[in-house]
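Worksheet: one structure, shown below.
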Amino acid sequence: MNIILLGPPGAGKGTQAKLITEKYSIPHISTGDIFRKNISEKTPLGIEAKRYMDDGQLVPDEVTIGIVNDRLSMEDCKNGFLLDGFPRTVNQAEALDLFLSSNDKKIDTALLIDVPKEFILERMTGRRVCSACGASYHIKFNPPKAEGKCDICGSSLVQRKDDTEETVKERLDVYDRQTQPLIQYYKEQNILETVNGTEEINTVFKKVCDVLGAVK
Ligand code: ADP
Ligand code: ADP
Ligand code: ZN
């Protein structure tokens, strides 16, 4: 199963991605996680990506598309994958379609996690992420079992530099301008599915599984 997750920053894509990829045993490919890993390792890619991420802007398509193509070429993507945070522009979506079709593959489902703007700020400012595995927590809605520690791997939780009120507002603008058009793009391909992302995490996951179960 080849899946894309769509939705504004803070919709719960990362949270659902962890649950989906565990259940379906497919790799979770998060471009944000790839960039953050490169930033922490101070690679040339990380140094370039950081300039954009800190301001809430998108990393240029030329950089991002190549990284995803390389990742999708790896052996573990053979039986399916889940993309989280990619594509984010129509240009990226077209490049992805081209890459997949030239490998006799396609996207089965573009799953939109629908969350209105008024929920987003509280979700983002309360978000804490694992510095090692990228798992997402929330101080109020999804606290870890032990304060400040990841339930999965025990590493320390941190607040992302781009999860401040000012940067979140910029990211929401970027979403409206550059990513929102993808909803129409996948609707036209007849592969768009939408779930209401305002409910509790496990309820959202149940609905996601219903949708994915019906698709395949
Ligand atoms: P995204 O990857 O779409 O940016 P995350 O999965 O990181 O979003 O979720 C953003 C924040 O909202 C995190 O702090 C997460 O714990 C919290 N969250 C995720 N899903 C829900 C939900 N259904 N209800 C309340 N909070 C949620
Ligand atoms: P969120 O889901 O909370 O918006 P992500 O972790 O997906 O966060 O992305 C964080 C940042 O990484 C984005 O604001 C952007 O700067 C960069 N980024 C991630 N994915 C892409 C992409 N597909 N294209 C361009 N930039 C990206
Ligand atoms: Zn962890």
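In each ligand, atom 1 is the first atom listed, and ligand 1 is the first ligand listed. This structure is a prediction, so every number in the text was calculated from the model and none was measured.
At least one heavy atom of Glu199 lies less than 4.0 angstrom from ligand 1. Heavy-atom separations between Gly7 and ligand 1 are all 4.0 Å or longer.
Looking at Lys140, Glu200, Arg123, it is Arg123 that brings a heavy atom closest to atom 22 (C) of ligand 1.
Of the charged side-chain nitrogens involved, none lies within less than 4.0 Å of a carboxylate oxygen, so that Lys105 and Asp97 do not count as a salt-bridged pair. We find that Lys37 and Glu41 are joined by a salt bridge, their nearest charged nitrogen and carboxylate oxygen being less than 4.0 Å apart. Under a 4.0 Å N-O distance rule, the pair Lys18/Asp84 does not qualify as a salt bridge.
Of the protein's heavy atoms, Arg171 NH2, 3.3 Å lies nearest to atom 1 (P) of ligand 2. Of the protein's non-hydrogen atoms, Gly14 N, 2.8 Å is the one closest to atom 2 (O) of ligand 1.
When non-hydrogen atoms are compared, ligand 1 lies under 4.0 Å from neither the backbone nor the side chain of Met124.
Taking distance alone, with nitrogen or oxygen atoms compared against 3.5 Å, Arg160 approaches ligand 2 more closely than that limit. Checked against a 3.5 angstrom limit, the closest N/O atoms of Val59 and ligand 2 fall inside it. Ligand 2 has an N or O atom lying under 3.5 Å from an N or O atom of Gln92, backbone or side chain. Considering both main-chain and side-chain atoms, Asp162 never comes within under 3.5 Å of ligand 2 through any nitrogen or oxygen pair. Considering backbone and side-chain atoms together, Asp33 places no N or O closer than 3.5 Å to any N or O of ligand 2. Of the polar atoms of Arg88, at least one N or O is found under 3.5 Å from an N or O of ligand 2, judged by distance alone. Among the atoms of Pro9, none of the N or O lies under 3.5 angstrom from an N or O of ligand 2.
Tyr186 is listed as a side-chain neighbour of Pro87, based on a closest heavy-atom distance under 4.5 Å.
Near Thr31, meaning under 4.0 Å from one of its heavy atoms, ligand 2 places the atoms 19 (C), 20 (N), 21 (C), 23 (N). Near Phe86, meaning under 4.0 Å from one of its heavy atoms, ligand 2 places the atoms 23 (N). Those atoms of ligand 1 with a heavy atom of Tyr137 less than 4.0 angstrom away are 13 (C), 14 (O), 16 (O). Here is the list of ligand 2 atoms found below 4.0 Å of a heavy atom in Lys13: 2 (O). Each of the following atoms of ligand 2 lies closer than 4.0 Å to a heavy atom of Arg127: 3 (O). Listed by atom number, the atoms of ligand 2 under 4.0 Å from Thr64 heavy atoms are 22 (C), 23 (N), 24 (N), 25 (C). Contact atoms of ligand 2 toward Gln57: 15 (C), 16 (O) (distance under 4.0 Å to a heavy atom of the residue).
Geometry about the Zn ion (ligand 3) gives an angle of 110° between SG of Cys130 and SG of Cys133, rounded in steps of 10 degrees.
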